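Take a look at the structure below.
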Amino acid sequence: MAFFPDIPDSIPSEGLDTDAEFAYRVYDPDRIVLGKRMEDHLRLAVCYWHSFAWRGNDVFGDGTLDRPWLDAGADPMQAARFKMDVAFEFFSKLGVPFFCFHDIDIAPAGNDFAETKRNLEAMVGYAEEHMQRTGVRLLWGTSNAFGHPRFAAGAATNPDPEVFAYAAAQIKNAMDATHRLGGANYVLWGGREGYETLLNTRMRRETDQLARFMTMVAEYKHAIGFEGTLLIEPKPQEPTKHQYDYDCATVHGFLDRYDLLGEFFVNIEVNHATLAGHSFHHEVAYAVDNGIFGSIDANRGDPQNGWDTDQFPNSVEEMTLGMYEILRGGGFTTGGFNFDTKLRRQSMDRADLFHGHIGAIDTLAQSLLVAARLIEEGDLEATRQERYSGWDGALGRSIMEGSLTLSDLEEQVVSGEIDPGPVSGGQERLENVVNRTLWRSIGGSM
Ligand code: XUL
Ligand code: CO
C-alpha cells in the first residue's frame with residue numbers, strides 16, 4: 001500500500017510553464033550540460049535520517065510529522081521494514097538516483113551489540129532487494145557515533161579507550177554495510193569529536209586519537225577492498241562547542257599532519273560552511289584547490305540565526321557560486337549532492353516532503369545551468385587569468401622558482417626598475433557578470 005498515494009509514480013520534467021505541483025521545471029535528467037547529462041552532473045541523493053527517521057521534534061516540542069513507523073509499541077524490525085518501504089517509494093517517485101543513511105536510520109538497536117549487528121545485516125539485505133527493484137543506488141553510508149549517551153564525550157576522541165573501541169566496532173559494521181550495498185562513498189561526521197570545555201580536555205591527545213581512528217578506517221577500507229571514497233564532513237560546532245573538523249582548511253591541515261592526504265576527502269555542507277564564517281563557495285574552492293574535494297550536503301541555514309536549520313536550498317545565487325567552483329574543478333567523481341534537509345516542523349502534510357525536494361532539485365538544476373554558462377562564456381576565468389598574468393612573466397617565475405632573495409628584490413626596487421601601481425580588482429563588474437547571467441536564466445532562456 002502506497003504511503004504517498006496522491007503523488008504520481010514519477011515526477012515528470014515539464015519545463016517552466018507547467019502548472020503541475022509535482023513536476024520539475026528545470027531539472028531534466030537527460031538534458032546535456034557541458035557534454036554531460038544533468039543527472040550525472042548533480043548525482044542527487046535523499047537522506048534517510050531527516051526524511052524518515054525524524055518526527056519533527058525540536059528542543060521545545062514533540063514530533064509533528066506523520067511517521068507512523070516511529071510510533072512506540074511497534075515491533076522494531078517490522079517498523080524498520082515499513083520505514084524502508086516508504087523511503088524507497090519516496091526515492092523512486094522523486095526519481096533521484098541515490099540515497100544516504102546512518103546505520104541506526106535503517107536498523108533498530110538490539111539488546112546487545114551482537115543483536116544490533118544482526119539487525120543491521122538483515123536490513124541491509126532488505127535494502128539490497130529494494131535497490132535491485134528500483135535501481136536506486138547508495139551515495140554514502142555512515143554511522144551515528146554521536147547520538148547515544150556513551151558518545152557524550154566523543155567517539156574516537158573520548159577520554160575512555162573503551163568508547164573508542166565501541167565506535168570502532170560500530171563503524172566497521174557500517175563500512176561493511178556500505179561496501180555490501182555498493183556505496184560510492186563512506187562519510188565520517190564527527191558530531192561529538194570536539195570539546196565542551198577546555199578545562200577538562202587534552203586537545204592534542206584527542207586529535208592524536210582521531211588520527212589513529214581515521215588511519216584504522218583507511219586501513220579497513222583497503223582490507224575489505226572498498227573502492228568508494230572516504231569523506232570527512234567538516235562542521236565548526238553544534239553539538240559540541242568546538243568541533244575538531246572545523247572547516248575544510250582545518251581538515252586539510254589534520255590530514256596533512258597525520259599523513260592521511262589522499263585517503264580522505266571532504267563532504268562539504270552548505271550551512272556548515274556558513275556556520276564556520278565562510279561562504280559555501282569558499283569551502284568548495286578551498287577543497288578543489290587543495291585536492292580534497294569530495295561531495296556536498298546541499299542544505300542551507302537561515303541568515304538570521306546561528307544554528308543548523310538544515311533547510312532545503314532555494315538560493316540559485318548561492319548554489320551557482322558553489323557549482324561554478326565544482327565545475328571548474330572538473331565536477332564530481334564519486335560525490336554528489338545529498339539533501340541533508342529537514343522539513344519545517346509545521347510542514348506536516350505528506351506532500352511537503354516532495355515539495356521540499358522538488359524545489360531544491362530545481363534550484364540545483366538552475367544553478368548548474370547558470371554556472372555552466374559562466375564557464376562557457378569564460379569572462380570570470382579570463383579576468384582571473386589576466387589578474388595573475390605577471391606571475392607568468394620573468395619576475396614572477398624567478399620569484400617562485402626561488403632564484404631571487406629579499407636583497408635582490410630590494411635592489412630592483414631601489415633602482416626604480418620595479419615600481420608597481422595599484423590595479424582595480426573589478427569586483428563590481430564581476431558581480432554584474434554573475435547577476436546578468438542569473439537574470440538571463442529567468443524566463444527559461446538557458
Ligand atoms: C549534522 C550532519 C550529519 C551528517 C551525517 O550536522 O550534517 O547529518 O551529514 O552524519
Ligand atoms: Co550533513
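Counting starts at 1 for both ligands and their atoms, in listed order. Predicted model, so just to flag it, every value in this text is computed and none were measured.
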Evaluate the side-chain proximity of L120 to I106: yes if any heavy-atom separation is below 4.5 Å, no if none is.
-> yes

Heavy-atom distances under 4.0 Å are what count here, so tell me which part of D308 touches ligand 1: side chain, backbone, both or neither.
-> side chain

Which of the numbered atoms in ligand 1 are below 4.0 angstrom from a heavy atom of K235?
-> 6 (O)

Contact atoms of ligand 1, heavy-atom distance to D297 under 4.0 Å = 9 (O)

Can you give the angle E269 OE1 - the Co ion (ligand 2) - D340 OD2, rounded to 10°?
-> 100°

What N, O or S atom of D297 is found closest to the Co ion (ligand 2)?
-> OD2

Counting heavy atoms only, which of L275, N144, D340 is nearest atom 2 (C) of ligand 1?
-> D340

Side-chain contact, heavy-atom cut-off 4.5 Å: V433 with R436?
-> yes

Quickly, which of F88, F354, W69 forms a ring pair (Phe, Tyr, Trp, His ring centres under 6.0 Å) with F3? Name it, please.
-> W69

For ligand 1, which atoms, with element, lie under 4.0 Å from some heavy atom of W49?
-> 8 (O)

Heteroatom distance test (T142, ligand 1): nitrogen or oxygen, under 3.5 angstrom | no

From CA spacing to verdict: salt bridge (charged side-chain N to carboxylate O under 4.0 Å, His left out), K235, E269 = CA-CA 8 Å; K235 187 175 183 180; E269 183 162 313; 5.9 Å; no

So NE2 of H50 and OG1 of T341: to nearest 0.5 Å the spacing works out to 7.5 Å

Greater than 12 external heavy atoms within 6.0 Å of E431's CD = yes

Can you label the angle between the H282 ring and the Y286 ring as parallel, tilted or perpendicular, going by 30° and 60°?
-> parallel

Min heavy-atom dist E238 to ligand 1 below 4.0 Å = no

Numbering as shown, the atoms of ligand 1 that approach H102 to under 4.0 Å (heavy-atom distance) | 5 (C), 10 (O)

Would you check if L188 and F264 make a side-chain contact, meaning some heavy-atom pair closer than 4.5 Å?
-> yes

Under 3.5 Å, side chain of N185 to main-chain N/O of G228, donor-acceptor pair present?
-> no

Do any N/O atoms on E269 end up under 3.5 angstrom from N/O atoms on ligand 1?
-> yes

Between the Co ion (ligand 2) and D310, is there an N, O or S atom separated by less than 2.8 Å?
-> no

The Co ion (ligand 2) is nearest to which N, O or S atom of E233?
-> OE2

